[in-house]
Amino acid sequence: MSITPAAAINQLIVAKFGGTSVADYAAMCRSADIVITNPHTKIVLISACSGVTNLLVALANGISDITSRQQHLQQLTNIHQQILDQLQHPNTVSDAIYALLDDIASAATQAATKPSPQLTDQLVSHGELLSTHLFNQILVEMNAAAIRFDIRTVMRTDAQFGKAIPQPEIIRQLAQQHLMPLLATHVVVSQGFIGSDSQGNTTTLGRGGSDYSAALIAEATDATTLEIWTDVPGMYTTDPRITTAAKPIKEISFSEASEMANFGAKILHPSTLVPAVRQQIPVFVGSSKAPQQGGTWIRKTVDQAPLFRALALRGNQTMVTLTSLNMFHAYGFLAEVFRILAEHKISVDLITTSEVSVSLTLDQTDTGGGAPTLPLAAVEQLNQLCRVDIEQGLSLVALIGNRMSNSKGSAKHIFGALDAYNLRLICYGASPHNLCFLVDEADAKSVVSTLHQQLLE
């Protein structure tokens with residue numbers, strides 16, 4: 001079926017490719033084929049090559065041992081040199097690649113003595129800056145009219161380094177001004193994950209933020225579809241690495257997919273669907289290794305909405321328990337607790353309360369890595385109100401579904417399957433789409449496997 005020019009103008013696909021989809025030359029070529037195959041794919045955002053961000057984070061955290069630092073830098077060079085060597089015309093981009101690698105070496109030396117969140121963002125952004133040079137050149141060598149674009153021109157954020165907050169209205173204005181005019185004649189290749197503040201400083205949207213930035217660009221350009229290309233053919237009922245019985249999900253609602261992403265399904269960044277929901281942009285998740293296998297469509301409404309849809313797992317959780325007799329039949333206590341947390345920009349994930357205590361969980365969202373915890377200053381302030389207990393080494397298991405809090409007997413079915421495990425915290429009833437609980441990290445995969453067998457197989 002031919003497409004009229006008017007129809008072609010009205011269809012715009014934003015495609016995002018993750019690290020494994022641009023891991024090496026062969027992966028980049030497969031992803032480039034996907035772009036070229038669909039003429040409506042006009043904006044392509046890509047991540048750093050697989051493994052690169054971890055190396056950059058390690059350098060940004062400060063490696064004082066020169067030998068170790070050089071080994072990290074050499075690994076970075078090798079990853080990109082191997083792709084460079086397979087290009088038809090490597091000299092077109094080699095100077096840019098080497099200049100970026102030199103910048104990394106210089107910043108890594110600085111980080112070894114004086115690391116900072118701003119320097120971390122500056123360093124880790126180089127992964128995407130490098131990969132886009134190489135991917136764009138591969139598209140050009142495949143005869144595509146591709147042009148590399150620095151996303152920092154339009155991806156405006158605040159200056160909260162490590163987990164910057166985007167500014168959608170400004171992003172839209174800048175995208176309409178600088179990005180949209182290019183689409184008439186080019187496929188635009190740009191970076192996920194990174195942005196800039198009003199002063200031009202490089203920022204990042206937190207680990208996994210490439211998906212989120214792709215959704216923001218889709219929203220800003222009024223795209224008709226957002227594609228997320230990764231290394232698995234869509235979303236599954238749980239991580240297939242936990243149980244081989246995990247089944248693919250062909251279609252899922254925005255509400256369910258948002259819960260899955262928020263509670264640890266690594267295939268999507270938790271914030272990805274927010275811009276898509278705002279503009280009702282359908283999202284497709286598929287595998288760049290096997291695009292013919294199809295994938296998962298995420299839409300506002302779906303034909304089937306089962307009671308139990310999927311299980312998500314999020315590790316590296318921290319539980320904070322605040323205990324004080326002053327809570328008993330008192331008012332204002334929780335308000336003061338959350339005022340302190342807000343003052344230190346601490347985001348609370350889950351929360352449960354009793355008469356004299358409140359337990360809450362923290363989740364790691366920035367680029368620094370490591371287990372989330374409370375800053376010392378926040379602990380000192382909270383200690384003036386109550387006793388503070390901090391426990392790490394926990395994992396969050398989330399059961400995702402529909403109308404769960406209104407279904408008689410479902411809780412008995414769920415908790416009956418878990419009588420062998422110690423549940424540290426339970427959140428149920430606030431949402432009809434999830435039931436969450438904390439377990440010891442050592443039990444987490446076994447819990448997921450048991451629930452999957454009892455509820456989803």
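Computed over heavy atoms, backbone and side chain alike; hydrogens, waters and symmetry mates excluded. One-based numbering along the sequence shown.
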What's the spacing between [X] [atom1] and [Y] [atom2] if we round to 0.5 Å?
X: T225; Y: W297; atom1: OG1; atom2: CH2; value: 4.5 Å
X: I281; Y: R299; atom1: CD1; atom2: CZ; value: 14.0 Å
X: T318; Y: L360; atom1: OG1; atom2: CG; value: 10.5 Å
X: L130; Y: L56; atom1: CG; atom2: CG; value: 8.0 Å
X: E259; Y: L435; atom1: CD; atom2: CG; value: 11.0 Å
X: H72; Y: D65; atom1: NE2; atom2: CG; value: 10.5 Å

Given side chains that start at C-beta, do those of [X] and [Y] come closer than 4.5 Å, heavy atoms only?
X: C49; Y: D24; value: no
X: S210; Y: E128; value: yes
X: K114; Y: L119; value: no
X: T153; Y: L174; value: no
X: V124; Y: F193; value: yes
X: T132; Y: F135; value: no
X: T120; Y: F161; value: no
X: L226; Y: Q279; value: no

Minimum heavy-atom separation for [X] and [Y], please, with both atom names.
X: T352; Y: C427; answer: CG2-SG, 3.8 Å
X: G192; Y: L45; answer: N-CB, 4.2 Å
X: L139; Y: A146; answer: CB-CB, 3.7 Å
X: S288; Y: P291; answer: O-CD, 3.6 Å
X: P168; Y: E219; answer: CB-OE1, 4.2 Å
X: S196; Y: T203; answer: N-OG1, 3.4 Å

I would like to know whether T272 and V283 meet side-chain contact (heavy atoms from CB on, under 4.5 Å); could you show each step before the answer? CA-CA 10 Å; T272 299; V283 179; 5.5 Å; no
Is it the case that the side chains of N78 and Q74 hold a donor-acceptor pair, with the cut-off being a distance below 3.5 Å and no angle test? yes
Quick one: does any side-chain atom of [X] pair with a main-chain N or O of [Y] as donor and acceptor, under 3.5 Å?
X: Q191; Y: A48; value: no
X: H40; Y: L12; value: no
X: S449; Y: T243; value: no
X: T109; Y: A105; value: yes
X: E141; Y: H89; value: yes
X: N434; Y: A398; value: no
X: S50; Y: G19; value: no
X: S31; Y: A27; value: yes
X: T157; Y: A164; value: no
X: K445; Y: R241; value: no

Could you go through I194 and M155, starting from their C-alpha distance and side-chain angles, then the distance that decides it, and tell me whether this counts as side-chain contact (heavy atoms from CB on, under 4.5 Å)? CA-CA 8 Å; I194 68 175; M155 186 58 66; over 6 Å; no
Could you tell me whether Q280 atom CD has more than 12 heavy atoms of other residues or ligands within 6.0 Å of it? yes
With a cut-off of 6.0 Å (strictly less than), are more than 12 heavy atoms of other residues, nucleotides or ligands near CD of Q292? yes
Step by step, work out the side chain to side chain donor-acceptor pair (under 3.5 Å) result for D121 and T202. CA-CA 6 Å; D121 276 5; T202 298; over 6 Å; no
How far apart are the C-alpha atoms of D85 and Q81, what are their side-chain angles, what is the distance that settles it, and do they pass the side chain to side chain donor-acceptor pair (under 3.5 Å) test? CA-CA 6 Å; D85 289 342; Q81 187 65 52; 2.7 Å; yes
Charged N to carboxylate O under 4.0 angstrom, K16 versus D211? yes
Between R339 and E336, does the salt bridge (Lys or Arg N to Asp or Glu O under 4.0 Å) criterion hold? Intermediate values first, please. CA-CA 5 Å; R339 185 197 65 76; E336 180 62 13; 2.8 Å; yes
Using side-chain contact (heavy atoms from CB on, under 4.5 Å) as the criterion, point out the one residue from I43, L216, V188 that pairs with V14. I43
In sequence, state the C-alpha distance, the side-chain angles, and the governing distance for L179 and I217, and then conclude on side-chain contact (heavy atoms from CB on, under 4.5 Å). CA-CA 10 Å; L179 184 55; I217 293 300; 4.1 Å; yes
Please determine whether side-chain contact (heavy atoms from CB on, under 4.5 Å) holds for the pair I97 and L134, giving the CA-CA distance in whole Å, both sets of side-chain angles, and the decisive distance to 0.1 Å. CA-CA 8 Å; I97 295 295; L134 296 166; 3.9 Å; yes
